[in-house]
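Working notes for the structure below.
Naming: A, B, ... by sequence-line order, numbering from 1 per chain. Owing to the predicted nature of the structure, the values given are computational and were not obtained by experimental measurement.
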There are 2 protein chains.
Amino acid sequence: MNLLITEDDPLHRAFLKTAVENALPECDQVFEAENGAAAVEIVKSETIDGIFMDLQMPKSNGVDAAKEIWRCFPEMRILFWSNYADEAYVRGVARIVPSGAVYGYLLKSASEDRLAFAARGIFVQDQCIIDREVRGVQQRSENTLEGLTDAEFEVLTDISLGMTDKAISARRKISTRGVQSRLKHLYEKLGLNRSVTHSDIGPVFNSRTRALTVALSRGLLNVDGLASYEMELEDWLAKK
Amino acid sequence: MNLLITEDDPLHRAFLKTAVENALPECDQVFEAENGAAAVEIVKSETIDGIFMDLQMPKSNGVDAAKEIWRCFPEMRILFWSNYADEAYVRGVARIVPSGAVYGYLLKSASEDRLAFAARGIFVQDQCIIDREVRGVQQRSENTLEGLTDAEFEVLTDISLGMTDKAISARRKISTRGVQSRLKHLYEKLGLNRSVTHSDIGPVFNSRTRALTVALSRGLLNVDGLASYEMELEDWLAKK
DNA sequence: GTCACATCTGCGGGTCCCCGCAATAGAACC
DNA sequence: GGTTCTATTGCGGGGACCCGCAGATGTGAC
């Protein structure tokens with residue numbers, strides 16, 4: 001069995017390598033990549049059976065790399081390995097995992113035991129292993145009450161790029177009034193009207209920008225994700 | 001000599017500890033803290049001569065902890081130790097370092113040699129050691145042409161919190177027109193009018209939110225910083 | 001079928017934001 | 001004092017955004 005470790009931090013990479021060698025003695029060879037692009041190359045040139053994938057990496061984050069890898073090898077087993085259980089990452093991963101693929105999501109704070117267990121589960125027994133904490137975020141985001149619907153999340157990413165209502169309506173093929181309607185629901189779910197938004201000088205917050213602040217601090221969005229969304233937007237602008 | 005290592009990641013903490021023991025044999029004791037609040041406590045209860053301070057930590061980031069420590073011990077020597085040379089961090093540190101204090105700023109990508117050199121420079125010879133890359137960011141931000149003035153940066157933090165023009169004008173004690181004037185300069189420096197902002201359906205971007213996207217992706221702002229700014233804003237709202 | 005529920009749409013008006021223009025105030029320098 | 005440069009202010013207008021209301025459309029349950 002050949003595994004690939006994709007992780008930019010050399011310290012974590014070394015730790016992961018020895019941990020893997022201990023947990024999976026049946027593993028023949030461990031490849032290493034320090035960013036997403038390098039990982040894609042290795043997967044294409046070598047025969048790889050499973051991947052450890054860091055999500056936070058400078059340039060070419062883990063989600064984009066995994067997307068490209070799954071596009072070529074839909075049954076590749078990938079264990080995501082992240083500092084945070086940010087909803088942006090969880091959603092990002094959930095959006096690209098092919099149906100039937102085996103994958104896992106583990107936090108870096110997990111003990112070495114948990115890491116070994118998850119690795120065996122995924123790479124040997126073909127089982128999906130999702131960290132409990134991550135699972136919590138996943139369920140919360142599926143819950144329509146406090147979670148965002150896909151439409152609301154979509155409009156959130158659009159305003160996070162700085163798009164105008166009119167541009168969003170063109171991109172998503174709904175009326176501008178429809179955009180505003182989605183925004184209104186988004187603002188409600190983010191609790192923009194619940195917090196102290198008024199003082200003696202009138203409203204303190206601008207909903208549109210305040211929504212971004214709240215979404216960022218709650219981990220609904222993150223800066224890595226913005227770069228990906230930006231690229232999608234450029235594609236759309238180009239063919240428009 | 002007693003040193004304190006403040007770093008949330010156990011792997012990095014252990015690495016730093018052995019590196020310090022090698023580089024500074026005259027060091028008697030090495031304390032460890034895994035977040036900013038714990039660091040402040042240790043500094044107050046033990047006699048500490050110098051601190052390694054990680055900037056990215058979940059809850060209570062390094063800048064706030066250093067601020068509190070320097071408030072009590074203005075001559076404390078602190079070596080900041082960060083993943084990124086984000087302008088937000090560089091500015092954040094520069095804003096709180098007391099005049100005459102000895103400090104350093106090193107990137108985590110630095111080699112162990114550089115780390116040892118910086119540690120000896122700061123804790124033994126009382127010299128400020130700033131990573132070349134960080135120094136570059138510092139100078140760029142001091143350059144009025146491509147860097148932001150303090151006024152522009154201030155208004156950027158305010159809109160990043162989602163404040164309205166009127167609220168900003170009350171907080172900063174200038175007219176709303178003054179706020180808009182600062183914003184206009186900010187937009188120019190961020191290059192919002194240079195990029196492709198128009199298409200056949202009219203303007204694609206809303207300046208206010210687009211400014212946030214650009215500032216975040218350039219590292220002028222970061223999410224850790226938002227939390228600090230938010231607290232300052234709450235203080236102001238409370239006493240208003 | 002129809003009832004309930006969610007989503008999208010058009011209209012209208014109130015507010016906020018962006019900005020050009022011109023005048024003013026202050027700082028730095030000769 | 002005079003000059004120049006930068007930051008701020010007031011005015012005014014055009015556009016973008018937020019939202020309540022009412023009507024249309026679509027979907028799933030019974």
Rounded to 10°, tell me the angle between the two end axes of the helix from C/dT9-D/dA22 to C/dC30-D/dG1, each built from five pairs.
40°
Hey, could you give me the CG/CD distance between A/L55 and A/E7, rounded to the nearest 0.5 Å?
10.0 Å
Those residues that, when tested against B/K184, pass side-chain contact (heavy atoms from CB on, under 4.5 Å) (two or more places apart)
B/E188
ring-ring contact (aromatic ring centres under 6.0 Å, His included) with A/F123: which residues, sequence neighbours excluded?
A/F52
Report, one pair per line, the protein and nucleotides 25-28 of chain D atoms (nitrogen or oxygen only) whose separation is under 3.5 Å.
none

By side-chain contact (heavy atoms from CB on, under 4.5 Å), A/A101 pairs with (sequence neighbours left out) A/W70, A/V97, A/P98
Non-neighbouring partners of B/Q127 that pass side chain to side chain donor-acceptor pair (under 3.5 Å), sequence neighbours left out
none
Report the distance from atom CG of A/L186 to atom C1' of D/dC19, rounded to the nearest whole Å.
15 Å
Residues passing the side-chain contact (heavy atoms from CB on, under 4.5 Å) test with B/N35, sequence neighbours excluded, are B/A37, B/A38, B/S60
Please check the phosphate of C/dG20 (OP1 and OP2 only) for any side-chain N or O of B/K184 closer than 4.0 Å.
yes
Rounded off to whole Å, could you give me the CD-to-C1' distance for the B/E154 and D/dA7 pair?
14 Å
Separation of C/dT9 atom P from A/I168 atom CD1, nearest Å, is 14 Å
Sequence neighbours left out, what passes side chain to side chain donor-acceptor pair (under 3.5 Å) with A/D131? Give chain and number order.
A/R114
Donor on one side chain, acceptor on other, A/Q180 and A/D165, under 3.5 Å
yes
Of all residues at least two apart in sequence or in a different chain, which pass the side chain to side chain donor-acceptor pair (under 3.5 Å) check with B/E230?
A/R210
Please report, rounded to the nearest Å, how far the P atom of D/dA7 is from the CG atom of B/D150.
12 Å
The criterion is side-chain contact (heavy atoms from CB on, under 4.5 Å); which residues satisfy it with B/R120, sequence neighbours excluded?
B/L24, B/P25, B/E26, B/V124
Heavy-atom protein contacts under 4.0 Å, nucleotides 8-18 of chain D, coded B base, S sugar-phosphate only, - none
BBBB----SSB
Expressed in angstrom and rounded to an integer, what is the separation of A/F205 atom CZ from C/dC17 atom P?
13 Å
Among all residues two or more places apart in sequence or in another chain, which pass the side chain to side chain donor-acceptor pair (under 3.5 Å) test with B/D64?
B/S228
